[in-house]
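A quick note: this is a predicted structure, and the numbers were derived from the prediction, not measured. Labels below follow one simple rule: chain letters A, B, ... track the order of the sequence lines, proteins then strands, and each chain is numbered from 1.
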Number of protein chains: 2
Amino acid sequence: MTKPPIPEPHRTLTLRDVSEASGVSEMTVSRVLRNRGDVSEATREKVLEAARRLGYVPNKIAGALASQRVNLVGVVIPSLSNMVFPEVMTGISKTLEDTGLQPVVGVSNYQSEREEQVIYEMLSWRPSGLIVAGLEHSEAARAMLAQAGVPIVEIMDIDGTPVDSMVGISHRRAGRKMAEAIVAAGYRKIAFLGTHMPTNDHRARKRLEGFEEALAAAGLSLVDREFYSGGSALAKGREMTEALLKRRPDVDFLYYSNDMIGAGGLLWCLEQGLDVPGRIGLAGFNGVELLDGLPRRLATMDACRLETGVAAAEIIAGKRHSGVIGGEVIEFEPKLQPGDTIRKV
Amino acid sequence: MTKPPIPEPHRTLTLRDVSEASGVSEMTVSRVLRNRGDVSEATREKVLEAARRLGYVPNKIAGALASQRVNLVGVVIPSLSNMVFPEVMTGISKTLEDTGLQPVVGVSNYQSEREEQVIYEMLSWRPSGLIVAGLEHSEAARAMLAQAGVPIVEIMDIDGTPVDSMVGISHRRAGRKMAEAIVAAGYRKIAFLGTHMPTNDHRARKRLEGFEEALAAAGLSLVDREFYSGGSALAKGREMTEALLKRRPDVDFLYYSNDMIGAGGLLWCLEQGLDVPGRIGLAGFNGVELLDGLPRRLATMDACRLETGVAAAEIIAGKRHSGVIGGEVIEFEPKLQPGDTIRKV
DNA sequence: CAGGCTAATGATAGCGCTAACAGTGCAAGC
DNA sequence: GCTTGCACTGTTAGCGCTATCATTAGCCTG
């Protein structure tokens with residue numbers, strides 16, 4: 001009873017083709033394919049069979065235009081190669097999975113101008129919502145977001161004013177907490193190693209600001225600092241650590257702006273036979289899973305990335321019954337993971 | 001002379017709004033915003049000013065429907081947290097940058113069924129092309145791809161038959177080459193450590209097949225193997241290595257299915273004071289930049305990921321003037337990077 | 001000065017789908 | 001019988017844009 005497949009070379013199929021092939025109206029086909037409204041079992045079968053046989057794939061562009069609904073959620077992040085963002089994505093994807101919404105990723109490469117373009121591009125597809133990393137955007141970008149008429153969630157930072165909602169941790173606070181832990185453990189000659197920041201990474205900058213604030217409160221200040229950009233983070237961590245300790249052999253603590261360079265530094269210190277955490281302590285930032293396999297667990301601070309992704313997606317999906325109409329603020333508490341590279345008090 | 005910004009609370013703007021605000025027809029506005037056709041300088045200015053003032057963002061859905069053109073390229077990959085795929089993405093993004101095309105990422109989590117859904121979803125947006133990792137897809141997925149009517153590029157593997165074009169390396173060959181190098185270096189008791197594959201990673205499987213083929217040709221076979229799934233790859237690499245060497249202390253070479261577990265194994269071996277590569281050799285796969293910072297460079301094989309991304313994007317963008325009409329096949333040569341964990345011959 | 005050209009702009013008709021409403025047939029209720 | 005209600009299916013009118021063709025004014029050519 002199966003009719004032969006239709007060989008028709010190439011005109012892209014429309015609802016009409018399926019409608020003709022199955023002998024019902026386009027509307028009925030549309031209903032079947034979307035599982036909407038009442039359709040008799042017999043008709044449903046007939047339509048599905050025809051659609052399958054033809055290899056019909058609905059045109060969501062037309063559907064979206066007609067229904068004024070788009071099941072996409074834009075996600076704008078600075079980079080994919082950072083390991084940090086994929087984890088946020090995981091939280092977002094998981095949460096959206098059963099909502100019919102689909103995340104679409106855009107990458108800004110830490111460039112504000114590029115970010116603006118990406119946001120423009122995304123909004124022009126009229127998504128159901130937008131998740132954007134960070135609170136710092138160009139003025140035009142902020143204006144677009146504010147105008148968009150859909151939920152906007154800025155994530156991974158809450159030190160600032162959001163356009164709409166924001167979810168994440170306070171990096172300033174995270175930096176402060178880490179400094180306090182380090183000082184409490186008795187370290188006094190503390191140095192910082194991180195990315196070149198002024199242009200790029202606002203979150204790393206805020207972390208450092210908080211860190212220095214807390215040092216100042218303890219009557220201390222950074223004794224040295226070292227910056228890098230580009231290249232393999234692990235290798236850079238090594239090089240920077242070596243350079244810094246050659247220059248300032250008296251330093252007794254190294255605070256890294258991320259775990260990867262911290263791991264590089266740790267490997268170098270261990271190879272040199274330095275007593276970690278006795279002679280020198282180390283700490284990074286992020287709680288990357290990767291670190292589990294290192295010879296010693298690097299002290300770090302969890303940035304609650306998974307939770308952040310989940311909460312952001314929930315706001316967009318309207319799963320959060322907070323009573324608040326938009327403009328939610330969700331702060332997570334960064335957790336210190338002392339690991340084995342900071343003295344126990 | 002600047003008119004005040006319009007506060008209009010919230011009805012999303014259309015071309016008509018801009019047209020009314022600037023006193024020309026919608027068509028002219030459309031022309032200005034797309035830089036198409038002749039428009040006098042005076043009119044252009046007027047329109048742009050109005051569009052900016054209103055904060056108008058064009059509706060690409062409507063535009064795409066009307067013009068039957070969509071500037072999106074779908075990219076379907078198994079995972080974002082693998083480090084491998086972000087690098088391919090980099091190649092794709094760079095190449096598409098100046099073509100007006102935009103990549104859109106979809107993630108299949110190594111599940112064929114999920115992949116099918118993602119492909120369906122992407123095709124329903126009628127993209128200009130699709131880039132899909134791997135050659136193994138569900139039958140339905142293959143049918144959809146074949147029907148799509150746009151360029152399809154399957155990447156990162158060429159051991160099989162493509163739907164349309166394919167770009168990448170032969171994993172079978174890569175496995176073979178690695179085995180030959182290992183045998184040539186004098187190792188004889190060789191073990192394999194990798195992911196649980198049957199269900200998942202076809203490329204890892206093909207690599208292993210090629211590897212065993214070449215061993216067989218040298219009259220050898222794997223003396224042991226160890227599989228894992230999930231968890232921190234670095235930590236797993238450690239654990240598996242320890243388990244395997246406890247079980248078979250006579251093994252003299254460990255072939256890992258990826259660099260991360262290889263790195264974990266390397267760290268463990270070095271801690272144990274094993275003579276690497278004298279007493280035992282190690283090799284991974286992929287050439288992840290990360291490895292640069294390790295105490296010793298792990299032997300590995302570059303999978304040409306950047307080049308693969310670039311070439312795939314070029315095919316979609318029509319930048320490749322090969323004379324071939326679709327159905328291109330581009331093979332890259334995986335390069336052995338002997339590092340410091342395999343004996344010099 | 002008709003005829004023809006160009007440059008700039010407008011009018012019209014969809015793109016492929018869905019919302020909203022309008023049937024249609026049939027069984028049950030009075 | 002007629003009404004009422006229900007289950008199903010069809011009709012109509014856009015969604016916001018762009019392709020295409022038509023129109024207008026201005027200017028040149030012979």
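- Residue A/Thr28 places none of its side-chain N or O atoms closer than 4.0 Å to OP1 or OP2 of D/dC8.
- Whole-Å rounding puts the A/Leu15 CG to D/dT9 C1' distance at 15 Å.
- Between B/Arg126 and C/dC15 there is no side-chain polar atom (N or O) within less than 4.0 angstrom of OP1 or OP2.
- Counting only residues at least two apart or in different chains, salt bridge (Lys or Arg N to Asp or Glu O under 4.0 Å) contacts with residues 101-111 of chain B are absent.
- One atom, CZ of B/Arg44, and another, P of C/dA7, lie 15 Å apart when rounded to the nearest Å.
- Taking a cutoff of 4.0 Å between a charged side-chain nitrogen and a carboxylate oxygen, B/Glu87 and B/Arg305 qualify as a salt bridge.
- Closest to the side chain of A/Met27, from the set D/dC15, D/dT11, C/dC17, is D/dT11.
- With hydrogens and angles disregarded, no donor-acceptor distance shorter than 3.5 Å links the side chain of A/Asn71 to the backbone of A/Gln102.
- Contact annotation for A/Asn59: backbone-only contact, meaning every heavy-atom pair under 4.0 Å involves sugar-phosphate atoms and none involves a base.
- Taking only side-chain atoms of B/Glu26, from C-beta outward, the nucleotide of D/dG10, D/dC17, C/dC17 with the closest atom is D/dC17.
- Atom CD in A/Gln68 sits roughly 19 Å away from atom P in D/dA13 (whole-Å rounding).
- A/Thr43 contributes no side-chain N or O that, together with a main-chain N or O of A/Val39, makes up a donor-acceptor pair within less than 3.5 Å.
- Regarding B/Arg36, its CZ atom lies at a distance of 17 Å from the P atom of C/dT9, rounded to whole Å.
- Counting non-hydrogen atoms under 4.0 angstrom, B/Arg69 reaches the backbone sugars and phosphates but no base.
- For A/Arg31 and D/dG10, a side-chain-to-base donor-acceptor distance below 3.5 Å is present, hydrogens and geometry of angles not being considered.
- Straight-line distance from the CD1 atom of B/Ile61 to the P atom of D/dC15: 15 Å, rounded to whole Å.
- For the OP1/OP2 pair of D/dT18 and a distance below 4.0 Å, the side-chain nitrogens and oxygens of B/Ser67 include no atom meeting the criterion.
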